[in-house]
> 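Got a structure here, written out as structure tokens. Questions coming.
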Amino acid sequence: MSGLPFLFTNPAILAALVALPVIWWLLRMTPPRPAAEVFPPLRILASVMKREETPAQSPWWLTLLRMLMAAAVILAIADPVFNPRQNTLSSAGPLALVIDNSWATVSDWDRRVETANALIDDAEAKDLPVSIVFTTDRQHDATPASATTARDRLAAAQPQPLPAMRDPALAAMKAALSSSPPGTLAFLSDGIETGDGQTMRQVAEIGAANVRRIEGNAESAIALTSTTNENEGMRVTASRLPLGEPRAYYVFARDARGTAIAEGELRFGAGATTANALLRAPFELRNDFARLTIEGQATAGGIHLLDDGNRRRRVALLSGEVHQSQPLLSPLYYIKRALEPHADLVEPREEAIGKAIAELLAQNPSILVVADVGRLPDESYPLVTRWLENGGMLVRFAGPRLAGAPADDPLVPVVLRQGERSLDGALSWSEPQPLADYPSSSPFAGLEHPRDVLVKRQVLAQPTPDLAERTWANLADGTPLVTTAERGRGRIVLFHVSADPGWSNLPISGSFVDMLRRSIQLSRAGGIAGDQTSKSETLPPYRLVNARGELTAETGSARPLEIAPGIAPTVSADTPPGLYGSEEGFVANNLLPDGGSLAPIRGNLVSERAEGLEGARPFSIRPYLFGLALMLFLIDTLIVLYMAGGFAGLRGRGSRGAATAAVLATLGLATLGFAGLAPTIAQAQDNQPSDEQTLQRLDTTHLAYVITGEAEVDRLSEQGLVGLSNYLTYRTALEPGAPVGIDLEQDELAFYPIIYWPVSATAPMPSSRVMSRIDAYMRNGGTVLFDTRDQFSSLTPSAAGDSPNVQRLQEMLNGLDIPPLEPVPTDHVLTKAFYLLSNFPGRYTESQLWVESAPNGAEEQSNRPVRGGDGVTPIMITGNDFAGAWAVDANGAPLLPTVPPDEMQREYAYRAGVNIMMYMLTGNYKSDQVHVPDLLQRLGQ
């Protein structure tokens, strides 16, 4: 935010450097104190003979040393600063902060907070009030307040899984600052345009004297926008902001459990804003797709939820005509052309209608399309009726056969008149009829009105009171064109015209494809199917997506989603992205609408390019210059003492050259020591937790693991404790914070009730200092869980030889005064701390969990070895690889398989972790429950 990488806070002090020549002259004229000599008679006589004495001058190198010391003091007072910030806020009015906390700000949110805090500090330095709004909040309070209030609101803000909704935020700020326009308006944007594309114009209308637009790395934001189920697979479309360089991403299709079952690659060309990926998978496997995710994009834009409308249907086709010499006149030709891109089509091999229906229904289709079939064989009605009641959809097309069929056919949605209506028939009209506007309750509502479709022949429905409710499309004269009726869980749809161009030109129009596609989307796709209806309904939130692209059961303050025919649901603060409905059926509401795109914020309000976020923090080298001056002063003192004879004893035992070399070596070591002072101090400060970290770790329980120095082992330990923390949050009242990796040499151990230590033979052997700290930690009530991760079954050396990890553990424990150990007894508190458990598996099941042996009356002595707090064992040992069973990725999916593969084993591993944590936090509480009757009796209750 500043163009100067280096400046002096007090540059006027540098004028003192002009005095350095004077200092040089004074130092040269002031020699050091004369050295005392041992009494030598000849030397005394020589001195007596001198008539004039000339004082000696100080050596040039000593004068140079003192000059450097003076220059260091002058530069330190001038306060040189690297990466300085300039307070460029206008004093003409309050500071206005408009902050996007949308899904696109997740990756750099911390830097955005730092930037906003720096601006608030600048406002506080100029005694300016601060008005702050966040663009995804439901309500906005833009009233200017103090800098402290602004910091509190900033600290409470978090990214939301929503696009930036700037209109209400900017309107609230404009109203709040109408009487006192802001001096500076800082717009921390996500770089993505929303609404009508007039963001910068609305910002200008607030009337700030100075406008600053600040952006982060939102140019790398990418979002999935739409999916299409094609013949070869599912095609996924993604959008990004225009970038110069090409980039590729992997897209994964995951099932309801989060397991990846298909993948594809998104390739953006140079400057391209959209890309497609094809996820190839069989039809049956595609219907198991529950969501799509982009690798490395943990945002709400990097996930696309799928519902029943995205699943590919199996459509069975049946025609009254078996053979047709002219394909263009076939009743099924146009149906096939319309449905082939959107469904898997099956046709019968049998020619007889009854056998063909049985053959088709045996393949469990979602839809049965029947073109110009009159009355079905009697044996087919029970089959079709049962299939309909179980959720199937029957789509029928009229024709000569249906027109001549009996009027009491139970497989038509309305009562039909005998015969058909045509231009030349008894029931005729003067000219072909166009289509009327679709009814608002029709699933065709929202489609473009077909102006070029004309109907010259149709079958008519008998007027009934509910005919209008059953009609999806009408002709201009009001006669129904498409009618429907529900049958159990299924539906019957009738097109009152033929499927070929003989009765109308509807089959050769684009409206025919849209109408069929909308119709099949109302069918059940099998598997996890949601009941899509043609009526408006309200669905409660079922699973929601958070800002990091994770699907959670926390619905918060989300409101039910209103579903209207032909109107796609939209994302808002009341209806965030997620699934709405229930486990039996739901509708996906994704971040971007189908076919949406990302566009950059444009405008001529700010002529220069948008500023970047706060970079490296300002760094003053004043302390190090003062330290250098002090170091030079100490060196000067040592040299003067030496030249004055202060080290006469040392000089008597060695030559003058050796003493001089020692002083010069001291000078070199001091200089090198100062050069390394800054990183040493910084490292020491980094090793010690700040007050804020200390309070946070005391306020929230954190699971800790030992940093072994092996990257893969440490990564699995962290992700394992993340998985256990999530499980504890979902299943218990305990809500742990993020797991913490600890350095046993430096970090404070008392913050953590238990430390997970993955033993590795290839990791460095812990030092004696480390083991002493571990011994003190366990004596003070902490517990260490050692995990050799190799299924060892005994702590004593075996004839077959122990594994390397077990041998390393034995070497480590040799330095500790540990109590006697035993496998967890069946009546131990660990077996009933939360769940009732008989064993403690991890990735493996063969190893036992070793704990401190239970005392036996007389053995309970005060001088026992390491004791746990409140009856809690100070040490646990296993080889079942707990962290491997608990480890999950960013989407909550398991990272490693259990041995043998068994999801119930993983569940019991999580339960073992819960029992261990409950045991650590409650101690022998469960054991003490046996004394409750006696306690109540003594209390008289």
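One is the number of the first residue; the rest follow in order along the sequence. The basis for the numbers below is simple: all heavy atoms, side chains too, and nothing from hydrogens, waters or symmetry mates.
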> State whether Arg151 and Asp121 are salt-bridged, where the test is any N-O pair (Lys NZ or Arg NE/NH1/NH2 against Asp/Glu carboxylate O) under 4.0 Å.
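Looking at Arg151 and Asp121, the cut-off is met.
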> Decide yes or no for Leu97 and Ile120: does some side-chain heavy atom of the first lie under 4.5 Å from some side-chain heavy atom of the second?
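They are in contact (side-chain heavy atoms under 4.5 Å apart), so the answer is yes.
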> Can you find a heavy atom in the side chain of Ile742 that is under 4.5 Å from one in the side chain of Ile707?
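Of all side-chain heavy-atom pairs linking Ile707 with Ile742, none is under 4.5 Å.
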> Regarding Ser760 and Glu710, do their side chains bring together a donor and an acceptor under 3.5 Å, going by distance alone?
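Checked: Ser760/Glu710 side chains pair up, N/O donor to acceptor below 3.5 Å.
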> If you measure from CD1 on Ile755 to OG1 on Thr783, what distance do you get to the nearest 0.5 Å?
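Here the interatomic distance stands at 9.5 Å.
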> So Arg254 and Leu292, do their side chains get closer than 4.5 Å, heavy atoms only?
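When only atoms from C-beta onward are counted, Arg254 and Leu292 do not touch, as no gap falls below 4.5 Å.
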> For side chain to side chain contact (heavy atoms under 4.5 Å, CB included), just list the numbers for Leu703 and Tyr752, CA-CA rounded to whole Å, side-chain angles, deciding distance to a tenth of an Å, and then say yes or no.
CA-CA 7 Å; Leu703 308 186; Tyr752 315 104; over 6 Å; no
> Yes or no on side chain to side chain contact (heavy atoms under 4.5 Å, CB included) for Leu836 and Thr831, after CA distance, side-chain angles and deciding distance?
CA-CA 6 Å; Leu836 296 178; Thr831 64; over 6 Å; no
> Students often mix this up, so state it plainly: with edges at 30° and 60°, are the rings of Tyr919 and His828 parallel, tilted or perpendicular?
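Plane angle over 60°, so perpendicular.
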> List in chain and number order the residues that pass salt bridge (charged side-chain N to carboxylate O under 4.0 Å, His left out) with Glu550, two or more places apart in sequence or in another chain; answer none if no residue qualifies.
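With neighbours one apart ignored, the set is empty.
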> Between Arg808 and Glu811, is there a side-chain N and carboxylate O pair less than 4.0 Å apart?
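The answer is yes: the pair qualifies as a salt bridge.
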> Do Tyr908 and Leu837 have side-chain heavy atoms sitting under 4.5 Å apart?
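In contact.
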> As a quick check of understanding, evaluate salt bridge (charged side-chain N to carboxylate O under 4.0 Å, His left out) for Asp881 and Arg789, giving each step before the final call.
CA-CA 4 Å; Asp881 191 6; Arg789 304 170 292 122; 5.4 Å; no
> Under 3.5 Å, is there a donor-acceptor pair between the side chain of Ser772 and the main chain of Ser768?
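It does hold such a pair.
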> Does Arg257, at its CZ atom, have more than 12 non-hydrogen atoms belonging to other residues, nucleotides or ligands within less than 6.0 Å?
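Not buried by this count: 12 neighbours or fewer within 6.0 Å.
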> Is there a donor-acceptor contact under 3.5 Å from the side chain of Asn805 to the main chain of Thr788?
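A pair under 3.5 Å: yes.
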> Identify the heavy atoms of Gly884 and Arg843 that sit nearest to each other, and give their distance.
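Here Gly884 and Arg843 meet closest at C-CG, 3.3 Å.
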> With no hydrogens and no angle check, do the side chains of Tyr727 and Glu907 hold a donor and an acceptor under 3.5 Å apart?
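Yes.
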> Do Thr105 and Trp103 have side-chain heavy atoms sitting under 4.5 Å apart?
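When only atoms from C-beta onward are counted, Trp103 and Thr105 do not touch, as no gap falls below 4.5 Å.
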> Please find the pair of heavy atoms, one from Arg715 and one from Leu895, that lie closest to each other, and give the distance.
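Heavy atoms only, the tightest pair is NH1-CD1, 4.0 Å.
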> Measure the CE-CD distance between Met812 and Gln807 for me, rounded to the nearest 0.5 Å.
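It comes to 13.5 Å.
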> Answer yes or no: is there a side-chain heavy-atom contact under 4.5 Å between Val251 and Glu263?
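No, their side chains stay 4.5 Å or more apart.
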> Looking at Asp190, is its backbone amide N or carbonyl O close enough to the side chain of Asp100 to form a donor-acceptor pair, meaning the two atoms are under 3.5 Å apart?
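Such a contact is found between Asp100 side chain and Asp190 backbone.
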> Any chance you could lay out the side chain to side chain contact (heavy atoms under 4.5 Å, CB included) test for Met876 and Val784, step after step, and finish with the verdict?
CA-CA 6 Å; Met876 298 183 187; Val784 182; over 6 Å; no
> Looking at Phe882, Tyr756, Trp757, which one forms a ring pair (Phe, Tyr, Trp, His ring centres under 6.0 Å) with Phe786?
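Among Phe882, Tyr756, Trp757, the one that satisfies the ring pair (Phe, Tyr, Trp, His ring centres under 6.0 Å) with Phe786 is Trp757.
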> About how many Å separate OG1 of Thr732 and CG of Asn915, when rounded to the nearest 0.5 Å?
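These two atoms lie 11.0 Å from each other.
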> Under a 4.5 Å cut-off applied to non-hydrogen side-chain atoms, are Leu830 and Val851 in contact?
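SC-SC contact between Leu830 and Val851 confirmed.
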> Determine whether a donor-acceptor pair (N or O, by modelled atom type, separation under 3.5 Å) exists between the side chain of Ser725 and the backbone of Pro736.
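Checked: no pair found.
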> Quick one: does any side-chain atom of Gln746 pair with a main-chain N or O of Leu744 as donor and acceptor, under 3.5 Å?
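The answer is no, because no donor-acceptor pair under 3.5 Å joins these two groups.
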> Under 3.5 Å, is there a donor-acceptor pair linking the side chains of Thr552 and Asn546?
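Checked: Thr552/Asn546 side chains show no N/O donor-acceptor pair below 3.5 Å.
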> For Gly842 and Ala909, which heavy atoms make the closest approach, and how far apart are they?
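Heavy atoms only, the tightest pair is CA-CB, 3.9 Å.
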> Do the non-hydrogen side-chain atoms of Gln848 and Val824 ever get within less than 4.5 Å of each other?
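They are not in contact (no side-chain heavy atoms under 4.5 Å apart), so the answer is no.
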> Kindly say whether Ala738 contributes a backbone atom to a donor-acceptor pair with the side chain of His702 at under 3.5 angstrom?
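Between the backbone of Ala738 and the side chain of His702 there is a qualifying donor-acceptor contact (under 3.5 Å).
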> List in chain and number order the residues that pass salt bridge (charged side-chain N to carboxylate O under 4.0 Å, His left out) with Arg773, two or more places apart in sequence or in another chain; answer none if no residue qualifies.
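Once residues adjacent in sequence are excluded, Arg773 has no partner under the salt bridge (charged side-chain N to carboxylate O under 4.0 Å, His left out) criterion.
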> Could you state the interatomic distance from CD (Gln719) to CG (Asp714), rounded to the nearest 0.5 Å?
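Between Gln719 CD and Asp714 CG, I get 11.0 Å after rounding to 0.5 Å.
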> Which heavy atom in Thr708 sits nearest to a heavy atom in Pro758, and how many Å separate them?
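Closest pair (atom of Thr708, atom of Pro758, distance): CG2-O, 3.6 Å.
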> Show the numbers, then the answer: is there a side chain to side chain contact (heavy atoms under 4.5 Å, CB included) between Val759 and Asp787?
CA-CA 6 Å; Val759 180; Asp787 194 342; over 6 Å; no
> More than 12 foreign heavy atoms under 6.0 Å from CZ of Arg548: is that the case here?
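For Arg548, atom CZ is not crowded (no more than 12 foreign heavy atoms under 6.0 Å).
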> How far does OG1 of Thr259 sit from CG of Asp255, to the nearest 0.5 angstrom?
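Thr259 OG1 to Asp255 CG: 4.5 Å, rounded to 0.5 Å.
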> Quick check on Phe252: does its CZ atom have over 12 non-hydrogen neighbours (other residues, nucleotides or ligands) under 6.0 Å away?
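More than 12 heavy atoms, drawn from other residues, nucleotides or ligands, come within 6.0 Å of this atom.
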> Is a side-chain N or O of Arg153 found less than 3.5 angstrom from the main chain of Ile132, in a donor-acceptor match?
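Here the side-chain-to-backbone pair exists.
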> With a 3.5 Å cut-off and no angle check, do the side chains of Thr136 and Asn101 form a donor-acceptor pair?
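On atom types as modelled, these side chains qualify, holding a pair under 3.5 Å.
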> Which atom names give the shortest non-hydrogen contact between Gly258 and Ala893, and what distance separates them?
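In terms of heavy atoms, the two residues are closest at O-CB, 3.7 Å.
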> Please check: side-chain N/O of Thr878 versus main-chain N/O of Leu849, any donor-acceptor pairing under 3.5 Å?
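Side chain of Thr878 to backbone of Leu849, a donor-acceptor pair under 3.5 Å: no, none is there.
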> Under the salt bridge (charged side-chain N to carboxylate O under 4.0 Å, His left out) rule, collect the residues that match up with Glu745, sequence neighbours excluded.
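For Glu745, the residues satisfying salt bridge (charged side-chain N to carboxylate O under 4.0 Å, His left out) (neighbours in sequence not counted) are Arg769.
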> May I ask you to decide whether Glu903 forms a salt bridge with Arg906, counting only side-chain N to carboxylate O separations under 4.0 Å?
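Here Glu903 pairs with Arg906 in a salt bridge, since their nearest N and O are under 4.0 Å apart.
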> Does any N or O in the side chain of Thr898 come within less than 3.5 Å of the main-chain N or O of Asp902, such that one atom is a donor and the other an acceptor?
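Yes, Thr898 side chain to Asp902 backbone: donor-acceptor pair under 3.5 Å.
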> Kindly compute the distance separating CD1 (Ile877) from CH2 (Trp850), expressed to the nearest 0.5 Å.
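It comes to 8.5 Å.
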> Is it true that, when you exclude Glu712 itself, more than 12 heavy atoms of the residues, nucleotides or ligands shown sit nearer than 6.0 Å to its CD?
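Enclosed.
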> How close do Leu544 and Pro576 get, counting heavy atoms only, and between which atoms?
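Shortest heavy-atom separation between Leu544 and Pro576 comes out as CD1-CG, 4.0 Å.
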> Checking the side chain of Asp775 only, and the main-chain atoms of Met771 only, is there a donor and an acceptor separated by less than 3.5 Å?
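Side chain of Asp775 to backbone of Met771, a donor-acceptor pair under 3.5 Å: no, none is there.
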